[in-house]
Amino acid sequence: MIATCDQTTATGVRDRAILLLLARLGLRAGDILSLRLTDVDWQQATLSVRGKGRRETRLPLPQDAGDALLAYLDQARPHVADVRIFFMSNAPIRPLTGSSAVSDVVRSAIRKAGIPVPSNGANLLRHSAATAMLRGGATLDTVGAVLRHRSPDMTAHYAKVDVTMLLQIAQPWPGDA
């Protein structure tokens with residue numbers, strides 16, 4: 001899906017940065033819209049995010065997402081005085097607004113990639129990020145911290161059970177043949 005972004009266009013460079021931030025950090029569409037230049041700490045490789053409830057959280061910035069964000073800022077972001085990071089590609093130049101703008105980026109990439117999915121908004125990548133973290137060995141608590149959930153029940157909802165993985169570790173029920 002990320003490979004569908006045309007790196008020869010400003011829109012493709014922007015969309016790749018957005019998709020990688022969504023996919024790697026499980027950000028919400030609103031998180032993308034509210035990102036400011038001062039939210040990125042390049043020295044510490046972290047991203048400051050203010051989500052629901054305006055709680056600020058510093059998240060590690062993965063190398064590929066950081067590289068994509070830097071490419072956007074260096075090559076494709078319009079030269080404007082505004083501190084927001086992501087802007088519309090077409091005139092008039094203005095910041096991305098409305099979560100539908102971010103979901104449109106996701107929908108377009110899914111369509112270009114030909115991936116059949118039941119839901120195709122930005123939240124799909126939040127679910128995928130949670131599942132990928134679990135598959136990578138992260139605990140449910142760690143996933144909840146990255147997704148900034150207050151309730152473990154909400155994290156469990158996002159991190160869908162991977163039956164195939166569970167079958168590999170499940171022990172037979174005592175007395176079963």
Side-chain angles (χ1 to χ4, degrees), residues 1-7 12-35 39-42 44-53 55-72 85-86 99 102-174 176:
M1 185 175 84
I2 292 166
T4 66
C5 298
D6 182 355
Q7 294 295 283
V13 173
R14 180 202 66 194
D15 291 356
R16 184 170 190 275
I18 289 172
L19 290 170
L20 280 166
L21 288 169
L22 291 169
R24 301 292 188 254
L25 294 173
L27 298 182
R28 297 176 178 98
D31 298 333
I32 295 291
L33 298 173
S34 67
L35 282 176
D39 291 334
V40 184
D41 183 337
W42 296 106
Q44 298 296 315
T46 60
L47 186 67
S48 181
V49 181
R50 282 164 299 286
K52 292 180 178 179
R55 288 184 315 165
E56 184 173 328
T57 304
R58 282 217 161 274
L59 298 172
L61 185 60
Q63 185 71 46
D64 57 352
D67 289 345
L69 181 56
L70 184 59
Y72 170 70
I85 291 181
F86 292 107
S99 60
V102 177
S103 287
D104 287 346
V105 169
V106 175
R107 273 191 280 281
S108 176
I110 289 170
R111 183 181 39 75
K112 287 178 193 172
I115 301 170
V117 292
S119 165
N120 57 10
N123 218 30
L124 171 71
L125 294 180
R126 191 164 166 82
H127 285 268
S128 297
T131 302
M133 285 184 259
L134 284 174
R135 284 186 182 154
T139 66
L140 207 54
D141 287 340
T142 301
V143 174
V146 171
L147 296 182
R148 294 161 288 131
H149 286 153
R150 292 183 186 176
S151 161
D153 292 338
M154 182 56 70
T155 306
H157 169 72
Y158 272 81
K160 300 290 187 210
V161 174
D162 186 334
V163 175
T164 306
M165 247 176 67
L166 288 175
L167 287 173
Q168 295 173 13
I169 61 169
Q171 297 293 313
W173 190 257
D176 280 357

Would you indicate whether the side-chain heavy atoms of [Y] and [X] approach each other to under 4.5 Å?
X	Y	result
Leu20	Tyr72	no
Val105	Leu22	no
Leu25	Val49	no
Leu47	Leu21	yes

Results of side chain to side chain contact (heavy atoms under 4.5 Å, CB included) for Arg58 - residues two or more places apart only
Asp41, Thr46, Ser48

What residues, two or more places apart in sequence or in another chain, satisfy side chain to side chain contact (heavy atoms under 4.5 Å, CB included) together with Ala71?
Val13, Gln75

Any donor-acceptor pair under 3.5 Å from [X] side chain to [Y] backbone:
X	Y	value
Asp15	Gly12	no
Thr4	Met1	yes
Arg126	Leu147	yes

Atom [atom1] of [X] and atom [atom2] of [Y]: how far apart are they, to the nearest 0.5 Å?
X	Y	atom1	atom2	answer
Ile18	Ile2	CD1	CD1	12.0 Å
Met133	Thr139	CE	OG1	10.5 Å
Lys112	Cys5	NZ	SG	6.5 Å
Ile32	Leu27	CD1	CG	5.0 Å
Leu69	Arg16	CG	CZ	11.5 Å

Over all atoms of both residues, closest heavy-atom pair of Asp39 and Ser34
OD2-O, 3.9 Å

So, for Ala122 and Ser103, which heavy atoms are closest and what is the spacing to 0.1 Å?
N-OG, 3.2 Å

